Amino acid sequence: MKALVYDGPRQVHVKDVPDARIEQPTDVLVKITSTNICGSDLHMYEGRTDLEPGMVLGHENLGIVAEVGNAVVKVTTGDRVCLPFNIGCGFCRNCEEGLTAFCLTVHPDPKMAGAAYGFAGMGPFWGGQAEYLRVPFGDFNCLRLPEDAQDKENDYVMLSDIFPTGWHCTRLADMQPGDSMVVYGAGPVGLMAAYSAMIQGASKVMIVDRHPDRLRLAEQIGVIPIDDSKGDPVEQVLEQTNGRGADKGCECVGYQAHDPQGHEDSAMTMNRLVDSVRFTGHIGVVGIFLPQDPNAPDKLEKKGRIAFDMGKFWFKGQKAGTGQANVKHYNRQLRDLIHEGRAKPSWIVSHELPLAEAESGYQHFDARDDGWTKVVMHP
Ligand code: NAD
Ligand code: ZN
């Protein structure tokens with residue numbers, strides 16, 4: 001089959017690889033019809049991780065069930081399904097509690113929790129930027145879609161990651177109707193966090209970035225754009241909130257945060273969030289901060305440890321919630337919001353490409369070229 005393979009930093013190629021196939025009786029094989037490029041793919045693409053060459057990338061997948069293993073009972077051939085990016089077993093303590101991003105069964109390293117498709121450090125599972133994807137524990141990890149699946153494919157594919165991840169960020173921040181919210185980062189994840197806050201009845205949503213195209217998109221759904229290349233974003237948030245700061249905040253950038261001039265400072269968004277959120281406010285953190293590995297080459301050092309102002313966070317009595325999104329936990333509800341026409345996350349899709357053009361899709365999205373907000377590929 002054809003698949004997008006990671007061959008090294010900024011080296012990804014569409015090539016022939018062995019076909020994905022049923023390996024366990026609980027597996028489901030899915031013919032992929034839509035697969036997105038994510039900001040998380042860029043960590044690997046840019047060579048910021050220890051991913052070995054040869055991995056098929058792609059964790060935001062949707063397709064049609066092509067084959068099921070002998071022990072699969074719920075999912076059948078021909079079903080249109082969306083695949084949450086986390087792979088869970090469904091029966092461990094964490095999965096039972098809905099914490100499927102921290103499954104205790106699937107990752108082969110017993111010291112780890114959580115697994116995902118096509119991801120550095122998240123197990124050996126190939127991704128879905130390919131013609132076919134093997135889905136372990138298929139009954140648990142396939143979200144079946146209703147009869148409008150084909151018409152709304154670009155909406156439903158966002159259920160694999162960024163819509164639930166944005167939603168998760170607002171839940172980590174304990175956003176309540178009537179709260180004001182500030183989101184750092186207007187990439188696909190930040191835009192989905194702002195969108196989720198709007199749907200849940202925030203009184204005012206602000207988003208900080210410096211890309212005019214991304215800020216314009218946010219403005220189109222009623223979010224207040226804050227351009228940090230035009231002045232201190234904290235001052236701008238305080239001006240919008242009677243000098244007190246937003247009730248809640250979302251971190252949707254991660255350790256690759258930088259200033260508008262391009263100088264990296266991994267702690268920048270966390271420190272600015274503490275300054276932008278009111279005393280006793282809550283902050284959700286879904287941007288990725290890679291753990292520091294003492295044996296890692298230079299590229300990983302100091303990326304997990306950041307210069308976070310713990311003292312100010314403590315003094316302001318704030319709370320923070322972190323981690324990967326438990327996609328499965330939100331999937332059924334967000335699917336139904338799409339089905340009933342109450343949510344349409346495809347508004348962020350800027351480009352649809354055949355898989356054959358994946359390399360150019362990666363280049364443009366990585367460069368944050370003007371207008372390249374979210375890329376969906378159709379193998
Ligand atoms: P992206 O790289 O497209 O977007 C990041 C945005 O942040 C860019 O628009 C960039 O201009 C902006 N930015 C950089 N520095 C900034 C600063 N100092 N202030 C404000 N904005 C700044 O990526 P994305 O797809 O939106 O993903 C965002 C983060 O979320 C990544 O770290 C990604 O790995 C992570 N992520 C986490 C989960 C999860 O489950 N927790 C899921 C998906 C993605
Ligand atoms: Zn993703």
Side-chain angles (χ1 to χ4, degrees), residues 35-46 48-49 57-61 83-86 100-102 114 116-120 122 127-129 157-169 172 182-194 206-215 217-218 225-229 232-234 236-237 249-273 276 284-290 303 321-327 329-330 348 350 364-369 372-375:
T35 177
N36 304 335
I37 307 178
C38 176
S40 298
D41 291 322
L42 300 180
H43 304 314
M44 294 172 277
Y45 179 76
E46 292 174 4
R48 293 170 181 269
T49 72
L57 298 182
H59 58 272
E60 301 192 2
N61 306 309
L83 293 328
F85 80 86
N86 340 96
T100 53
F102 304 92
Y117 305 99
F119 228 100
M122 302 296 283
Q129 290 168 8
V157 71
M158 300 309 160
L159 292 173
S160 58
D161 181 348
I162 60 167
F163 188 23
T165 293
W167 195 279
H168 183 56
C169 202
L172 288 172
V182 59
V183 178
Y184 273 78
V189 170
L191 290 169
M192 284 293 114
M206 298 151 277
I207 198 163
V208 182
D209 206 301
R210 67 293 300 252
H211 288 292
D213 56 323
R214 294 180 170 199
L215 292 172
L217 259 185
I226 293 187
D227 186 338
D228 71 349
S229 69
D232 182 350
V234 175
Q236 297 185 63
V237 173
C250 284
E251 204 292 335
C252 301
V253 181
Y255 70 105
Q256 76 280 24
H258 49 278
D259 65 21
Q261 286 73 43
H263 303 115
E264 262 192 36
D265 171 358
S266 299
M268 182 179 296
T269 50
M270 284 305 296
N271 286 329
R272 284 185 169 166
L273 268 163
S276 303
V285 185
V286 293
I288 289 182
F289 293 82
L290 285 177
K303 294 300 186 190
T322 63
Q324 292 209 339
N326 305 301
V327 169
H329 180 66
Y330 305 101
I348 78 157
S350 59
H364 287 292
F365 183 57
D366 183 49
R368 277 91 182 172
D369 279 340
W372 285 76
T373 320
K374 188 71 180 173
V375 182

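Each residue takes its place number in the sequence, starting with 1. Since the model is a prediction, treat every value here as computed from it, not as a measurement. For ligands, and for the atoms within them, numbers begin at 1 and follow the listed sequence.
Below 3.5 Å of separation, one finds no N or O of Ile162 facing any N or O of ligand 1. Taking only nitrogen or oxygen atoms, main chain and side chain alike, Thr269 does not reach within less than 3.5 Å of ligand 1.
The two atoms that bring Gln256 and Ile288 nearest to each other are OE1-O, 4.5 Å, heavy atoms only. Closest of all the heavy-atom pairs between Ile348 and Thr373 is O-CB, 3.6 Å. Closest approach of Asn86 and Gln324 over heavy atoms only: ND2-OE1, 4.2 Å.
Shown in contact with Gly39 at under 4.0 Å from a heavy atom are these atoms of ligand 1, numbered in order with element: 23 (O), 24 (P), 25 (O). When each atom of ligand 1 is checked for a heavy atom of Gly323 under 4.0 Å away, the hits are 41 (N). Listed by number with element, the atoms of ligand 1 under 4.0 Å from a non-hydrogen atom of Met268 are 18 (N). Set against the non-hydrogen atoms of His211, the atoms of ligand 1 under 4.0 Å away are 9 (O), 11 (O). Counting atoms of ligand 1 from 1 in the listed order, those under 4.0 Å from a heavy atom of Asp228 are 19 (N). Each of the following atoms of ligand 1 lies closer than 4.0 Å to a heavy atom of Gly185: 7 (O), 20 (C), 21 (N).
For atom 9 (O) of ligand 1, the closest non-hydrogen atom of the protein is Asp209 OD2, 2.7 Å. For atom 37 (C) of ligand 1, the closest non-hydrogen atom of the protein is Val286 O, 2.9 Å.
Contacts between Asp265 and ligand 1, counted as non-hydrogen atom pairs separated by less than 4.0 Å, are absent for every part of the residue. When non-hydrogen atoms are compared, ligand 1 lies under 4.0 Å from neither the backbone nor the side chain of Asp259. At a heavy-atom distance under 4.0 Å, only side-chain atoms of Phe85, from C-beta outward, approach ligand 1. At a 4.0 Å heavy-atom cut-off, ligand 1 touches Gln324 through backbone and side chain alike. Using a 4.0 Å cut-off between heavy atoms, Arg214 contacts ligand 1 through its side chain alone, with no backbone atom that close. Counting heavy atoms closer than 4.0 Å to ligand 1, residue Thr165 contributes side-chain atoms (C-beta onward) but none from N, CA, C or O. Only the backbone of Cys252 comes within 4.0 Å of ligand 1, counting heavy atoms alone; no side-chain atom from C-beta on gets that close.
Minimum-distance N/O/S atom of Glu60 relative to the Zn ion (ligand 2): OE2. Taking the Zn ion (ligand 2) as reference, Asp161 places its N/O/S atom OD2 nearest.
When the heavy atoms of Arg210, Arg368, Arg272 are ranked by distance to atom 16 (C) of ligand 1, first place goes to Arg210. Residue nearest to atom 18 (N) of ligand 1, selected from His59, Met44, His258, Glu264: His258 (by heavy-atom distance).
Residue-ligand proximity: Phe365 is placed with a non-hydrogen atom under 4.0 Å from ligand 1. Judged by the shortest distance from any of its heavy atoms, His168 lies outside the 4.0 Å radius around the atoms of ligand 1.
With the Zn ion (ligand 2) at the apex, His59 NE2 and Cys38 SG define an angle of roughly 110° (rounded to 10 degrees).
Distance check: Ser350 OG to Arg214 CZ gives 8.0 Å after rounding to the nearest 0.5 Å.
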